[in-house]
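Along the sequence shown, residues are numbered consecutively beginning with 1.
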Amino acid sequence: MKLCGGYNIRLAGRPAGRVDPLPEPAMLLLPQRTRRLRFNQLLVKNGQNVRCGEVLAVDSTHFGVPLLAPRDGTVRLRVQRGHILLEDLSLAPPQVAAASSDHGPYPPLRQTLVDLGVWPYLFDAHSDALPDPAVEADAAIVATTHLEPFAGPRGNVQLVKSLEDFLRGLDLLVSLVEGMVYVAVPSAGGQLTARLRQGLAARPRLQIVDIPLRYPLDHFNVLARALGLNPRRGRSVWGLRTDGVLALDQALTRRQPLLERVVALGGSGVLAPLHLRVPSGYPLDALLAGRLVEQPHRVIDGGILNGQAIGDQQLGISVESAGLTVLLEPTRRELWGFVRTGLDRISYSNCFASLFRPRYVEPLTTALRGEHRPCIGCGFCEELCPAGIMPHWIHKLAYQDALEEIDRSGSHKCVACGLCSYVCPSKLDLRREILDANEAIRRDLHTAEPSETEEVVA
């Protein structure tokens with residue numbers, strides 16, 4: 001297997017290697033919109049009392065995936081736009097029996113994963129979309145690490161106390177797919193990694209895939225292409241991370257719904273970065289209170305390259321939230337910035353004085369640290385691209401509206417990792433340009449083909 005490109009992004013604000021619980025909140029604010037889901041069909045009424053694990057709403061356009069009540073409480077609707085508010089919460093969730101999967105539209109085990117809230121942890125390895133529970137999986141890819149900074153909980157943090165649960169979850173995953181399960185393990189030492197490799201080697205339908213510590217070589221699409229996993233017509237290849245395998249184990253072994261998740265909280269704006277265990281809907285204001293530097297900041301749901309800035313449209317942890325990134329937001333221009341040597345800046349171009357410093361991490365902010373200018377043809381974006389395309393060339397073609405040439409250049413291979421934009425010395429948003437060009441190609445050149453939802457990778 002050959003992996004190309006990628007970059008080790010070293011940023012300050014890495015979450016500590018532990019998982020802390022949070023105190024019970026006074027209320028929960030459950031977002032009805034996530035990156036891939038729209039819980040558009042309400043199944044509860046205003047003022048209704050619900051039990052822990054009860055279905056509040058479903059996404060009728062995505063396989064009936066449910067939004068579950070994380071605690072006992074009283075439903076309040078139309079209080080916060082786009083959210084279901086749950087108040088008068090019980091302090092401890094009761095044991096909840098598994099929902100019946102005998103009469104659902106999907107095979108029993110997959111129906112159980114849908115009913116118990118596990119399905120949002122699964123990805124189609126080639127598109128990042130939610131896989132269809134009715135479609136058989138030819139294979140599965142499991143990534144045991146998160147290489148995009150702060151995008152989600154690190155695998156080792158979750159495995160240090162749950163390795164046996166993880167291995168049991170992999171055994172269950174094997175029973176759900178027809179072919180192999182490929183487990184991507186970083187090329188690093190350590191006692192935990194050795195124990196993980198030993199456990200994987202004893203299982204014949206699990207194959208270890210060594211990956212360098214370079215983002216985005218843990219991306220499901222990148223790994224699927226490198227492994228040559230092209231599913232048969234009408235089949236798919238699943239992608240899961242460590243938390244997805246642990247969720248699968250909890251649902252199929254203990255028959256418990258997934259009501260809490262581990263979220264990474266990191267970045268230059270966090271006083272003490274760490275991992276938190278929280279129920280879905282935990283209010284962001286309460287979660288962040290007392291944890292941030294008292295300076296202007298920006299909160300991002302996800303990592304620095306693929307995350308989305310959080311505004312009024314998201315007030316609580318969603319069922320897909322895996323990481324929160326908080327970056328300081330400078331309010332004034334840096335004085336004489338153009339003559340500074342860049343001792344505190346890490347650059348792929350190695351043109352700053354930081355090149356002569358010992359290895360260190362950069363306290364990244366939202367500042368552009370430069371200005372937009374025309375492409376200089378440095379080729380950095382091409383060197384790092386894991387898909388093997390030429391973003392700088394696509395940029396030039398996009399200015400000419402040359403969609404046919406962009407199509408022939410292989411722009412469809414883009415996995416939207418954002419590395420091209422991150423390393424560009426001209427501050428060009430190459431990632432957005434490629435996504436926009438691909439959408440125009442689908443709309444204008446391939447109108448007969450089904451269009452992928454662009455927000456899945458945005």
Practice task
Please lay out, stage by stage, how R241 and D218 fare under the test salt bridge (charged side-chain N to carboxylate O under 4.0 Å, His left out).
Solution key: CA-CA 9 Å; R241 295 194 177 274; D218 60 331; 3.2 Å; yes
Problem - Residues, nucleotides or ligands: over 12 heavy atoms within 6.0 Å of N40 CG - result: yes
Problem - Exercise: do R442 and N438 side chains pair donor with acceptor under 3.5 Å - result: no
Exercise for the section: Nearest 0.5 Å please: distance from the OG1 atom of T366 over to the CG atom of L327. Expected result: 7.0 Å
Problem - Any L292 side-chain heavy atom under 4.5 Å of V270 side chain - result: yes
Handout entry: Pairwise side-chain contact, Y121 with L258, heavy-atom cut-off 4.5 Å (strictly under)
Key = yes
Exercise for the section: Please list all pairs passing the ring pair (Phe, Tyr, Trp, His ring centres under 6.0 Å) test where one or both residues lie in residues 382-402, with sequence neighbours left out. Expected result: H395-Y399
Handout entry: Parallel, tilted or perpendicular: ring planes of Y422 versus Y7, cut at 30 and 60 degrees
Key = tilted
Handout entry: Pairing of R110 and E136 as salt bridge, 4.0 angstrom limit
Key = yes
Completion exercise
In this structure, CD1 of I300 is separated from CG of N306 (nearest 0.5 Å) by 11.0 Å
Problem - Any donor-acceptor pair under 3.5 Å from Q158 side chain to T242 backbone - result: no
Practice task
Using modelled atom types only, decide if a donor and an acceptor are shared between the side chain of E383 and the backbone of G5 within a distance under 3.5 Å.
Solution key: no
Handout entry: Any donor-acceptor pair under 3.5 Å from H146 side chain to R154 backbone
Key = no
Handout entry: Donor-acceptor side-chain pairing of S347 and S349 below 3.5 angstrom
Key = yes
Practice task
Dump the intermediate steps for side-chain contact (heavy atoms from CB on, under 4.5 Å) on F39 and L30, then the final yes or no.
Solution key: CA-CA 10 Å; F39 296 108; L30 293 122; over 6 Å; no
Handout entry: Backbone of L85 reached by a side-chain donor or acceptor of H83 within 3.5 Å
Key = no
Practice task
Show your working on side-chain contact (heavy atoms from CB on, under 4.5 Å) between T61 and L37 and close with a plain yes or no.
Solution key: CA-CA 8 Å; T61 63; L37 295 167; over 6 Å; no
Problem - Non-hydrogen side-chain atoms of L240 and L122 separated by less than 4.5 Å - result: yes
Handout entry: Backbone of D132 reached by a side-chain donor or acceptor of W119 within 3.5 Å
Key = no
Exercise for the section: Quick one: pull up CD in E433 and CG in L397 and give me the separation to the nearest 0.5 Å. Expected result: 11.0 Å
Handout entry: Mutual orientation of the aromatic rings belonging to F123 and F220 [parallel < 30°, tilted 30-60°, perpendicular > 60°]
Key = tilted
Completion exercise
Separation between OG (S268) and CD1 (I304), nearest 0.5 Å, reads 10.0 Å
Practice task
Would you mind reporting whether R291 and L271 have side-chain heavy atoms less than 4.5 Å apart?
Solution key: no
Practice task
Determine, stepwise, if the pair L284 / I317 fulfils side-chain contact (heavy atoms from CB on, under 4.5 Å).
Solution key: CA-CA 7 Å; L284 291 175; I317 293 293; 3.7 Å; yes
Handout entry: Side-chain (R373) to main-chain (P425) donor-acceptor, under 3.5 angstrom
Key = yes
Practice task
Answer whether the closest heavy-atom distance between the side chains of L176 and L113 falls below 4.5 Å.
Solution key: yes
Practice task
State whether R197 and D210 are salt-bridged, where the test is any N-O pair (Lys NZ or Arg NE/NH1/NH2 against Asp/Glu carboxylate O) under 4.0 Å.
Solution key: yes
Exercise for the section: Output yes when a side-chain donor or acceptor of Q308 lies under 3.5 Å from a complementary backbone atom of D301, and no otherwise. Expected result: no
Handout entry: Whether T325 side chain and G266 backbone form a donor-acceptor pair below 3.5 Å
Key = no
Problem - Atom CZ of R235: over 12 foreign heavy atoms under 6.0 Å - result: yes
Fill in the blank from the handout: Applying salt bridge (Lys or Arg N to Asp or Glu O under 4.0 Å) to D171 and not counting sequence neighbours gives R203
Exercise for the section: Measure from the side-chain N and O atoms of E320 to the backbone N and O of R36, and report whether any donor-acceptor pair falls under 3.5 Å. Expected result: yes
Practice task
Kindly check if the number of other-residue, nucleotide or ligand heavy atoms within 6.0 Å of NZ (K413) is above 12?
Solution key: no
Practice task
Could you check if a side-chain atom of V157 sits within less than 4.5 angstrom of a side-chain atom of P153, using non-hydrogen atoms only?
Solution key: no
Completion exercise
Between the CG atom in L217 and the OG atom in S187, the distance rounded to the nearest 0.5 Å is 10.0 Å
Exercise for the section: Please report the shortest heavy-atom distance between L213 and A188, naming the atom on each side. Expected result: CD1-CB, 4.5 Å
Exercise for the section: May I have the step-by-step check of side-chain contact (heavy atoms from CB on, under 4.5 Å) for L252 and V118, ending in yes or no? Expected result: CA-CA 10 Å; L252 297 184; V118 179; over 6 Å; no
Practice task
State the CZ-CG distance between R431 and L305, to the nearest 0.5 angstrom.
Solution key: 8.5 Å
Exercise for the section: Kindly indicate whether the side chain of P66, heavy atoms from C-beta on, has any atom under 4.5 Å from the side chain of V114. Expected result: yes
Exercise for the section: Without swapping roles, check the side chain of D59 against the backbone of R38 for a donor-acceptor pair under 3.5 Å. Expected result: yes
